[in-house]
Structure formats: structure tokens, C-alpha cells
Amino acid sequence: MFHLRRQAVRSLRQRQLAQRYASTGPRSAGSGSGSSAGRVVPAVLGVAAVGLAAYALGRREQANIDAKPAAAPTTVAAATVASGSVNPAFDPNPKLRHRFGSPEDYAAAVDDLKGLFDDDHITTDEEDLAHHGGSAWTYGIALPPSAVVYPETTEDVVKIMKVATKYRVPVVPYGSGTGLEGQFSAPYGGICVNMTKMNRILALHPQDGDAVVQAGLGYETLNAELAEKGIPLFLPLDPGPDATIGGMIGTGCSGTNSVRYGTARGEWFLNVTAVLPDGTVLKTRQRSRKSSAGPDMTKLFVGAEGTLGIITEVTVRLAPLLPTRVGVVSFPSVRAAVDAVVDILNDGVQVQCVELLDALSVAALNHSGIMPNNLPEKDSIFFKFQGNPTVLENSAQTVQDLAGRHGGGNIHFAADEKESAAIWAARKGALFAALGHSGYETPMLYGNDVCVPISALPELVADSQAKFKEFGIYAPILGHVGDGNFHATIIMRGLDEVPMMSKVMSGIIKKAQELDGTCTGEHGVGMTKKKYLRDELGDGTLDLMLRIKNSVDPLGIMNPGKLYPDELMYEEVKWPPKAGSCC
Ligand SMILES: Cc1cc2nc3c(=O)[nH]c(=O)nc-3n(C[C@H](O)[C@H](O)[C@H](O)COP(=O)(O)OP(=O)(O)OC[C@H]3O[C@@H](n4cnc5c(N)ncnc54)[C@H](O)[C@@H]3O)c2cc1C
Ligand SMILES: *[C@@H]1O[C@H](CO)[C@@H](O)[C@H](O)[C@H]1NC(C)=O
Ligand SMILES: *[C@@H]1O[C@H](CO)[C@@H](O)[C@H](O)[C@H]1NC(C)=O
Ligand SMILES: *[C@@H]1O[C@H](CO)[C@@H](O)[C@H](O)[C@H]1NC(C)=O
């Protein structure tokens with residue numbers, strides 16, 4: 001299949017895990033219509049989010065904790081996907097097609113690969129292709145590849161790259177497919193490389209606090225494995241459900257733990273083994289914990305979204321698992337809450353996580369039944385403390401004192417690790433609670449993740465909330481407030497609302513950029529945020545990115561259509577001259 005097909009996409013994983021929940025009745029927040037005409041007829045596939053609610057159960061959230069929430073989730077969380085693109089901005093750009101091989105080249109590439117891989121390691125089955133083209137979370141971006149290959153070793157990846165280069169066919173690395181910005185979709189078809197058969201732990205070095213793993217291993221699987229072996233270490237980055245190490249590097253991810261542990265841009269990835277488009281295999285450095293040997297080539301791949309090469313093996317650094325305890329404080333306003341957080345962070349209290357849930361988010365949680373206790377439906381901060389029992393008590397007391405100065409109520413301090421895990425699972429389930437609480441028949445998420453210097457957060461949240469009110473959008477706020485990063489949990493009635501939401505979001509992104517912030521705090525750029533990069537990064541940086549891209553990937557076959565603003569990629573490729581003339 002060489003033409004682009006847009007069709008309904010069902011993520012196999014999500015389907016397998018899907019179940020129906022009973023709705024808990026109408027939501028309390030107001031909403032209007034405001035929907036603008038789309039050019040799509042949404043096909044409701046009813047992808048319920050229970051699989052992701054396993055996530056909500058916090059099952060593997062911190063590997064040593066195995067608690068369940070007091071009540072089962074009772075949220076309806078269906079999503080729709082559609083046939084047809086919903087937003088012209090997500091359409092493949094015809095001006096980039098000239099870079100790739102002809103339909104015959106694509107066919108020859110697939111034939112070559114079929115000669116190199118057996119039926120268990122390559123597929124052109126339409127349903128398989130569709131599963132890899134998008135997910136229920138990519139708001140209608142559903143662009144399947146021409147073939148999916150499942151490598152098991154670095155050598156397999158080299159073979160794939162050589163074929164792709166020979167025929168100028170795009171290569172799209174695919175981890176767990178939890179990316180939210182269309183990063184793993186295939187706008188120009190080509191070879192999707194599903195990395196999840198490369199999920200082995202190659203070496204554990206508990207004394208050094210590191211592990212060498214294949215890049216298709218999920219971080220939750222790694223943490224569960226460590227717990228099972230009785231090794232009290234974990235990888236603290238916590239993005240979407242069982243995201244792969246390769247995908248986490250690809251997007252430069254973070255999550256709730258970044259207040260304490262930083263992000264994928266920190267030093268969690270020591271050296272990586274990567275395969276460049278021409279088949280070159282390299283390791284970026286040695287395993288020692290630090291190194292000043294030249295610029296950091298590991299970081300070149302962090303946030304590159306698979307556009308420079310495929311990472312096959314990674315040495316990850318691990319952190320000691322400490323006892324944790326959760327506490328929740330309600331505030332009179334978002335501003336009061338953030339002011340308190342600023343004081344708390346500057347005090348140096350041992351906090352691991354600082355999450356804002358606005359009143360609407362708390363209401364959604366309360367009504368979902370996944371929260372072990374009823375909380376006042378007010379703007380609230382969920383804290384996770386860490387340390388021995390004395391440190392935990394002292395930290396909670398300090399937070400209580402500082403919060404009190406900003407109108408904070410009494411801290412609800414979890415009784416034990418079990419209750420802590422249940423409350424944290426509820427925090428992780430807040431997205432699903434909002435889907436149910438929206439009251440929409442087929443609610444779906446419009447993802448977003450702006451980030452600003454923390455002192456600017458109240459202004460941005462207030463501005464965003466005003467916009468949501470104006471347009472009648474149901475959008476509880478969930479924030480990694482300790483980092484100035486928040487998600488408006490924008491819930492759409494269907495894909496026809498995508499154009500309206502992207503317009504509203506554009507305004508929020510512009511405002512964030514004005515406040516010295518970014519269009520993406522953690523999800524990455526993908527297909528949806530390319531147009532914001534020039535304003536944010538400036539011409540010089542974009543030019544540097546492009547020079548690196550063109551020298552590493554002169555054919556432009558690595559994950560095309562992502563990250564770089566399209567106009568940068570128009571230029572005719574100068575090297576190598578013709579398809580088939582190399583390798
Ligand atoms: C419910 C939910 C919650 C989420 N919460 C968070 C959050 O709190 N924080 C956060 O940061 N993100 C979050 N995400 C987004 C997502 O989990 C992250 O972007 C994650 O890093 C993607 O990993 P993945 O394995 O699913 O990668 P994929 O989505 O499969 O791919 C992501 C990108 O990485 C590239 N890639 C994948 N593997 C490789 C490889 N081996 N070599 C080179 N490139 C590769 C792909 O080409 C693509 O560009 C969430 C997603 C969901 C669905
Ligand atoms: C990717 O490959 C793994 C391992 O074969 C499989 O379990 C998973 O379902 C695949 N992903 C998709 C979207 O089909
Ligand atoms: C990192 O380098 C060490 C040598 O110091 C090597 O043993 C290891 O395999 C490398 N890891 C990766 C992922 O390349
Ligand atoms: C939580 O929601 C329930 C309905 O599920 C409601 O009866 C209760 O008053 C709410 N609690 C708070 C504190 O608002």
C-alpha cells in the first residue's frame with residue numbers, strides 16, 4: 001500500500017483492555033456548544049479507557065506499592081476516532097513527497113524486508129497497519145504505515161535502515177504508541193518499526209545504580225522487574241502507561257516525579273546505542289555516571305522524536321526507592337495554591353511531587369468514585385513526600401504551615417502507604433474521571449501541555465479558564481505545578497470539535513510563549529506543534545536543528561512530517577542523488 005489511507009484506528013491494546021463503565025450521572029460544570037463544522041463523520045468506536053485505568057490503579061506506579069483504590073472506577077471514558085482527517089493542519093504536506101521513493105520503490109522495499117524478516121516480524125495486514133497509525137489519544141491523526149517490522153536486535157534495525165535508505169522510504173520508530181502529538185503516525189507511509197519486541201533487560205548493576213536495557217522496554221515493566229528481584233531502585237520518569245524507554249527519550253518526557261527527579265533531559269539516560277539512517281551503529285558514551293568527554297551526544301537524541309535514528313539500547317540510571325506519603329491541601333484559588341507552592345519549593349521541603357487539581361478536576365474525581373476520600377471541591381494541591389517516617393511528618397507539618405499563610409485548609413495526610421497509593425492512583429486517573437464527568441456520550445481528550453516559569457502559572461491558568469468559559473469548553477485543569485506545567489483536560493464531544501479546540505489552544509500557547517514559556521512542557525512537538533517552534537526557538541536554533549538533521553539524515557527519511565516546521569524541509573535533497581544509487 002503506497003497511497004495514504006486514512007481510516008478508523010483502534011489501538012489493539014486499548015481495545016483489549018477496553019470495558020464499559022457505568023456513568024455516574026451528569027456533570028456539574030456548564031458547557032455550551034461552540035462546535036464548528038468539521039469535514040468528518042466521526043465513527044464511534046467506543047474505546048473505553050479501562051486499560052489506562054489499570055494505570056489509574058497505580059498498579060506499578062511506584063514499584064514497591066501494591067495498593068488499590070477503595071472503590072472501583074465508575075467513569076465512562078469512551079473515545080471516538082474518525083475516517084478522514086479532521087484538521088487540514090494534520091494533513092501530509094504534498095510538498096514533502098518528492099523526497100521519498102516512488103510507489104514502486106515502496107513496494108520493492110517491502111519485498112526486500114519480507115525476504116529479511118519472517119512472518120512473525122513483519123506485517124502488511126491492514127488492521128495491523130491501522131493500529132500503528134494513530135490512537136484514541138491522537139485526536140483524529142490516523143495515518144498508517146505501509147508495513148510494520150518488529151526487530152529483536154540492533155542488527156535487525158540496521159537491516160531495516162539499509163533497505164529504507166536504498167529505496168528512500170520513510171522509517172517511523174514506534175514505542176508504546178502513547179505519544180500524544182501524532183509522533184508515531186506515518187503521514188508518508190513507509191516502514192513503522194515497532195520496538196516492543198526489543199524489551200529485554202541486558203544487564204543490571206544495582207551497585208552502580210544503573211541498568212542496560214533494550215529501548216522497547218516499558219518503564220513500568222522495568223520497575224516491576226526490579227521490584228520482583230528485590231532491588232530497591234526505580235526509574236523515576238513517569239509519562240503515559242508503560243511508555244518505552246526509546247519513546248521516552250524520543251519525546252524528552254517527564255511526569256509527576258519531575259519536581260524531585262527532573263525530566264528525560266536530565267541524566268537518566270547515560271549512554272545509548274543508536275542506528276543512524278545509513279546503518280551506522282554507535283554508542284554515545286561509556287557507562288560511568290558522569291563524563292566530560294565532549295558534547296553530550298546522548299542528549300542529541302532526547303526530544304528528537306525519532307527523526308535522527310533509532311535507539312536500540314540504553315543505559316538508564318536508577319534512583320533508590322524511598323517510602324512515600326501523600327497529602328492534599330485545598331486552597332481558595334489557583335493563585336493562592338501556586339503562591340503556597342512557590343514558598344514550599346523554596347523552603348527545600350522533601351517533596352517528590354506537587355500536582356495542582358483545580359476545583360473542577362477535584363469534582364470530577366469525587367464523582368468518579370476512584371478517590372478514596374471525598375475532598376472539598378476546591379482548587380487543591382496533591383503532594384507526595386518522601387523519606388523516613390519522621391521526615392514525612394516534618395515535611396507535612398512544614399507544608400501545612402506554609403500553606404496556611406496562603407489560605408490553605410488542613411492537610412489531608414494519608415494514613416499509610418496504602419492510602420497514599422490510592423490517592424495517587426486517583427490523581428493518575430483524573431483524566432479518566434474528567435472524561436466521565438464531562439457527561440458527553442463519546443468524550444475524547446484534546447491533549448495539551450504548556451509550561452511557564454512557575455510564577456506566571458496563575459496568570460496563564462486564569463487566562464485559559466476564561467477562554468474555556470467563553471467557548472463553553474469543559475476543561476478541568478491538572479498541573480505538574482511544581483514545574484509550571486499544566487494540562488487543561490479539554491474534553492471534546494467528537495472530532496468535529498478539533499478545529500475549534502486547536503484555535504483556542506493556539507491562543508493559550510501564544511500566551512504561554514509571551515510569558516517566557518513553551519508550547520510543550522513534556523509531550524513534544526510531533527505533527528501538532530511544528531508551527532509554534534519558530535516563535536519559540538528563533539531562526540538561529542531552528543537552522544542549527546536543520547543542519548544537524550540534514551547531516552545525520554540527508555534523505556529526510558527518519559520520521560518525516562514531525563518536529564521540524566514543514567517549510568524547512570522543502571529544499572531538494574542534494575545527497576545522495578537518486579533512489580537506488582546507494583547501498
Ligand atoms: C494517559 C497518558 C498520560 C500521559 N502522561 C504523560 C506525562 O505525564 N508526561 C509525559 O511526558 N508524557 C505523558 N504522556 C505521553 C507519552 O506517554 C510520552 O510522550 C511517552 O514518552 C511516549 O512513549 P512511547 O513509548 O509510547 O512512544 P511512542 O508514542 O511510540 O513514540 C514517541 C516518539 O518517540 C519515537 N521513538 C519511539 N521509540 C524510539 C526509539 N527506540 N528510537 C528513537 N525514537 C523512538 C517515535 O518515533 C515518536 O516520535 C501520556 C500519554 C498518555 C496516553
Ligand atoms: C507492537 O508490537 C507488540 C509486540 O509484537 C504488540 O504486542 C503490539 O500490539 C504492537 N503494537 C500495535 C499498535 O499493534
Ligand atoms: C554503555 O557503555 C558500556 C561500556 O562502558 C557498555 O558496556 C554498554 O553496553 C553501553 N550501553 C549501551 C546501551 O550502549
Ligand atoms: C462528592 O460527590 C458526592 C457525589 O458523588 C457528593 O454527594 C458530595 O457532596 C461531594 N463531596 C464534596 C466534598 O463536595
Side-chain angles (χ1 to χ4, degrees), residues 9-14 16 24-25 28 49 52 55-56 74 120-121 123 127-133 135-138 148 150-151 157 171-185 192-199 214-219 237-258 263-264 272 274-275 301 303-314 330 359 362-363 365-369 371 373-378 428-429 431-432 445 447 449 478 480 485 487 520-526 558-559 562-563:
V9 163
R10 278 162 286 186
S11 149
L12 184 58
R13 181 201 339 255
Q14 279 154 355
Q16 282 167 342
T24 47
S28 49
L52 300 163
Y55 191 53
T74 51
D120 287 342
H121 295 85
T123 176
E127 210 178 325
D128 290 336
L129 301 181
H131 289 153
H132 288 86
S135 81
W137 304 104
T138 51
V148 181
Y150 305 83
V157 174
V171 176
V172 183
Y174 185 106
S176 276
T178 65
L180 296 168
E181 312 298 338
Q183 286 113 328
F184 59 81
S185 291
C192 172
V193 185
N194 178 332
M195 294 294 292
T196 54
K197 280 193 202 282
M198 291 192 65
N199 61 355
Q214 287 187 308
L217 180 69
Y219 76 97
L237 305 173
D238 61 332
D242 218 17
T244 62
I245 308 286
M248 291 159 70
I249 294 176
T251 61
C253 79
S254 47
T256 63
N257 287 331
S258 57
T263 73
V272 305
V275 184
F301 295 93
E305 300 188 353
T307 65
L308 297 178
I310 295 190
I311 299 153
T312 57
E313 294 176 8
V314 185
S330 342
V362 179
L365 266 191
N366 183 22
H367 288 263
S368 73
M371 188 64 201
N373 345 66
N374 272 350
L375 295 172
E377 293 181 0
K378 289 172 130 188
K428 288 258 176 178
L431 161 60
F432 308 103
L445 177 75
D449 66 325
L478 283 180
H480 306 316
N485 183 193
H487 308 298
T520 174
E522 57 180 22
H523 298 162
V525 178
M558 284 311 303
N559 208 5
K562 324 293 166 62
L563 182 56

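Being a predicted model, the structure only gives us computed values, none of them experimental. Whatever order the structure lists them in is the order used to number ligands and atoms, beginning at 1.
One option in Gly303, Gly182, Gly247 has a heavy atom closer to atom 38 (N) of ligand 1 than any other, and that option is Gly247. Among Leu478, Val193, Thr178, Val157, the residue whose heavy atom lies nearest to atom 15 (C) of ligand 1 is Thr178. Residue Thr251 holds the heavy atom nearest to atom 19 (O) of ligand 1 of all those in Asn257, Thr251, Thr256, Ile310. The residue among Ser135, Gly250, Gly175 with a heavy atom at the shortest distance from atom 31 (O) of ligand 1 is Gly175.
Comment: Lys428 engages Asp238 in a salt bridge, judged by a side-chain N to carboxylate O separation of less than 4.0 angstrom.
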Tell me, with the steps shown, if Phe301 and Val272 meet side chain to side chain contact (heavy atoms under 4.5 Å, CB included). CA-CA 9 Å; Phe301 295 93; Val272 305; 4.2 Å; yes
Please determine whether side chain to side chain contact (heavy atoms under 4.5 Å, CB included) holds for the pair Met371 and Val362, giving the CA-CA distance in whole Å, both sets of side-chain angles, and the decisive distance to 0.1 Å. CA-CA 9 Å; Met371 188 64 201; Val362 179; over 6 Å; no
What verdict does the side chain to side chain contact (heavy atoms under 4.5 Å, CB included) test give for His480 and Glu522, after you've listed the backbone C-alpha separation in whole Å, the side-chain angles of each residue and the deciding distance to 0.1 Å? CA-CA 10 Å; His480 306 316; Glu522 57 180 22; 3.1 Å; yes
Report the C-alpha distance between Val148 and Leu129 in whole Å, list the side-chain angles of each, state the deciding distance to 0.1 Å, and finish with yes or no for side chain to side chain contact (heavy atoms under 4.5 Å, CB included). CA-CA 7 Å; Val148 181; Leu129 301 181; 3.8 Å; yes
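Neither the backbone nor the side chain of Lys562 has any atom closer than 4.0 Å to an atom of ligand 1 (non-hydrogen atoms only). Residue contacts with ligand 1 for Ile249 are absent, since no atom lies close enough (heavy atoms, distance under 4.0 Å). Of the heavy atoms in Ile311, both backbone and side-chain atoms come closer than 4.0 Å to ligand 1.
Heavy-atom proximity to Tyr150, at under 4.0 Å, picks out these atoms of ligand 2: 1 (C), 2 (O), 5 (O). Close approach to Cys253 involves these atoms of ligand 1, each under 4.0 Å from a residue heavy atom: 11 (O), 21 (O). Interface atoms of ligand 2 facing Thr196, defined by a heavy-atom separation under 4.0 Å, are 1 (C), 2 (O), 3 (C), 4 (C). Close contacts between ligand 1 and Asn559 involve ligand atoms 47 (O), 49 (O) [criterion: under 4.0 Å to a heavy atom]. Of all atoms in ligand 1, numbered sequentially from 1 with element shown, those under 4.0 Å from a heavy atom of His480 are 8 (O). Residue Tyr174 approaches ligand 2 through these ligand atoms, each under 4.0 Å from one of its heavy atoms: 13 (C). Taking every non-hydrogen atom of Tyr174 and a distance limit under 4.0 Å, the qualifying atoms of ligand 1 come out as 30 (O). Heavy-atom proximity to Gly309, at under 4.0 Å, picks out these atoms of ligand 1: 43 (C).
Using modelled atom types and a 3.5 Å distance limit, the side chains of Asp242 and Ser176 yield no donor-acceptor pair.
Not one N or O of Pro241 is nearer than 3.5 Å to an N or O of ligand 1, by distance alone. In terms of polar-atom proximity, defined here as any N/O pair under 3.5 Å, Trp137 makes no such contact with ligand 1. Here's the thing with Gly179: one of its N/O atoms is less than 3.5 angstrom from an N/O atom of ligand 1. Residue contacts with ligand 1: Glu305 is placed with a nitrogen or oxygen under 3.5 Å of a nitrogen or oxygen of the ligand (distance criterion only).
Atoms CE and CD1, from Met198 and Ile310 in turn, are 9.5 Å apart once rounded to the nearest 0.5 Å.
Below 30°, between 30° and 60°, or above 60°: for Phe184 and Tyr174 the angle between ring planes is above 60°, a perpendicular geometry.
Near ligand 4, Asn366, His367, Asn374, Leu375, Pro376, Glu377 each place a heavy atom less than 4.0 angstrom from the ligand.
Assignment of Gly524 to the shell around ligand 1 is not supported, since no heavy atom sits closer than 4.0 Å. Residue Gly526 places every heavy atom at 4.0 Å or more from ligand 1.
Between Val525 and the options Thr307, Leu563, Thr251, a side chain to side chain contact (heavy atoms under 4.5 Å, CB included) holds for only Leu563.
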